[in-house]
Amino acid sequence: MKNWLIILLIVGLISASGCQDQQKELKVAVAAPFTGNAAAFGEMIRRGAELKEKEINEAGGINGMKLTLIFEDDAGKDAEASLVAERIASNLQILAVVGHFNSSCSLAGKPIYQRAGIVELSPGSTNVTVCEGSDWTFRNLYRDDFQGKFIARYIDEVLTDLQSVAVFFDNDDYGRGLRNAFVAEAEKVGLNLVADEAYERDSTNFKAQLTSIKAKNPDAIFISGLYQEAGLIVKQGREAGITAQFFGADGVDSPDFLAIAGSAAEGTYLTTPFTFGAAGEDALQMAAQFKALHNGVAPDTWAALTYDAVGMIADALEKTYNPEASVADNRKAIRDHLASLDTPEEGYKGVTGLTYFDRNGDTVNKPAYVKSVQDGQFVAAKQQLLELD
Amino acid sequence: MLSIASIPEEENMAQFLEQIINGLVLGGIYALIAVGYTMVYGIIQLINFAHGEIFMFGAYIALMLITVFGIPFWIALPLSMVLCAILGVLMDLVAYRPLRNAPRLSALITAIGMSLALQNLARMIWSARPRQFPAEILPTVFHGQNAISLPGGAALPYRDVFIILLALILMIALNRLIHLTKIGKAMRACAQNQVAANLMGIKTNRVIAITFAIGSALGAIAGIMVGLSESVTPTMGYYKGVAAFAAAVLGGIGNVTGAMLGGLIIGVAEVFGAGYISSGYRLAIAYILMIAVIVIRPSGLLGKSTGDRA
């Protein structure tokens, strides 16, 4: 008897949800690492995307149509990202992709999205080559050549006490690319590079390399990698008696870095494409909405960049979507619209600032900000370096 | 590459000393895990791939006992060992005992399945987020900053001393247990010939269960030691387990003393490979060493091709 009730209930639910489906939906995929080593980033990406989706639909949707996001997990691994990309590209209901996050994942997806003719708009990949050679790949943040150069310049011009530096990098697309840019600029401005060590993703024990670095006695250690390893590096480094200044990049920009490193995180500097500490009124308003939706959790850089990326795609859909046209044409119209945003006047104004693209699909002229850890919190560094000449 | 010629001799020495300590700590942990692989293999010729997951559960259980139930570290440590020993015995009872007379491949595949199941169970319970033992509730001896200063500027953290000594004491105790006690004798008998041991009145299933219990308890304590300086994650057992398995093979699988020796060699090789050769390939260097040994001595350093395995 009970079984019958349950079956009836399920049938009822299915038919009820079927009825709601009458309204036309516009589907956009959000591909990011929701599990695995970069899952903390993925969680913020999901939350940022959900907030934008909710705001758009509550304001009446896109030309009266509902925006539906489909979340796909690439686990932060390139092999998984290829599978996800194939799945998205072959789903003819999906019109565009916001993602991927990890540079290696964006690179893995690039040829697949290009072949299928669907836009890939990354809110997190900074490797130099991500947008090269594909008309379909865009990003709304800076590249690592800029970021690496910026970090070397910041150490040289602002943290002038630091003369000798060591590099400790993640041996993948992101870590290596960023390290190369940093090392090139460090040599140019005359910083003394005393050690250059690598580690593999998923490592948890860095004592051997840290002991080598410690013997070279650098003033600063630049960690070119992600928060999970960086947190352990800072923690194990302080335990090993290293007193050098730690410096990270946007891969370290996650509250989980603070949780993993604990008190050892104190004083660490890092660069980020966006910070609420130096943001405008609309960003603060977005932060308030975000907290209201997500039980008081504060948004981070990646939530904000994803919020803007979803906004850009929705904007493109609003201007170009034609219900009569084929999926391929609608996908292409989004690309053409994004590609047309090539001057500051035409750029998309979001909470993270103005986004417009060069011919590659790279974002032009978005600054880097410096944060440091004070009393267990990220705060904007007192001195910013907003212009690189 | 950067030259090290400009660094004073004394600092090189300090670095060398610290690398030795790093290697011994890692080696001690590998040895503790490796004996779990090798003891089980010695008796039932099963490579228990789920042993790495017991190691992981050891860390999580201790972490939960401390953070959720507020149990002091020195009680949580043995309690976690006991719980993991029970988990190990249960695993044998549920997954391996029914397959005792099945082809060896069936048991091996079951072990791989068990490993995946336990790893995903951990992910379900505790999520994939890495967790830390909070510094403020650990005994001060485990705070990495508290260290003995060695001549030349090297630092020897008390925690490292503790881990090395603990591994050493447990290894000696295990060795004595196997060679001097009645249960040790029964284990050795089962390793030589299970049927004959059974005929002599040895309850082989009980001996196997005890073997699982001892191996799991040692794995659990290794997991806690790793958790103290690294992170606790659902995949930690996989990474450390593979290295420890390599150590067991290097030492001669089935041979307990060999597993201890293999663990130390892999640990020191990994650290020296990363510290002095190429930091990007730390495990590769340890594995190349293992392969080299296996090519020359297929049964491992102390392994025998036939006969006595425990």
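Chain identifiers are assigned alphabetically (A, B, ...) following the order of the sequence lines, protein sequences preceding nucleic acid strands; residue numbering begins at 1 within each chain.
- For chain B, the option among A:A40, A:G231, A:A240, A:G36 with the highest count of heavy-atom pairs below 4.5 Å is A:A40.
- When each of A:V252, A:D172, A:N102 is checked for a side-chain contact (heavy atoms from CB on, under 4.5 Å) with A:L226, only A:N102 meets the rule.
- B:R131 does not touch chain A: none of its heavy atoms, backbone or side chain, sits under 4.5 Å away.
- Of the two parts of A:K235, only the side chain, counted from C-beta on, holds a non-hydrogen atom closer than 4.5 Å to a non-hydrogen atom of chain B.
- Classification of A:R47 and A:E50 as a salt-bridged pair fails, no side-chain N sitting under 4.0 Å from a carboxylate O.
- Residue A:D170: no heavy atom, backbone or side chain, is found under 4.5 Å from chain B.
- Residue contact with chain B, scored on non-hydrogen atoms closer than 4.5 Å, involves the side chain of A:N171 exclusively.
- In this structure, the portion of A:L232 lying under 4.5 Å from any heavy atom of chain B is its side chain and not its backbone.
- Remark: the B:T235 side chain and the A:D202 side chain contain no N/O donor-acceptor pair separated by less than 3.5 Å.
- A donor atom on one side chain and an acceptor atom on the other are not found under 3.5 Å apart for A:D219 and A:Q163.
- At a 4.5 Å heavy-atom cutoff, B:A135 makes no contact with chain A through either its backbone or its side chain.
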Subject >> Steps toward ring-ring contact (aromatic ring centres under 6.0 Å, His included) verdict (B:F73, B:F142) >> reply: CA-CA 10 Å; B:F73 180 82; B:F142 289 115; 4.8 Å; yes

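- The contact between B:Q132 and chain A is made entirely by side chain atoms (from C-beta outward), counting heavy-atom distances below 4.5 Å.
- When only modelled atom types and interatomic distance are considered, A:T35 and A:D73 share a side-chain donor-acceptor pair under 3.5 Å.
- Contacts between A:F206 and chain B at a heavy-atom distance below 4.5 Å involve the backbone alone (N, CA, C, O).
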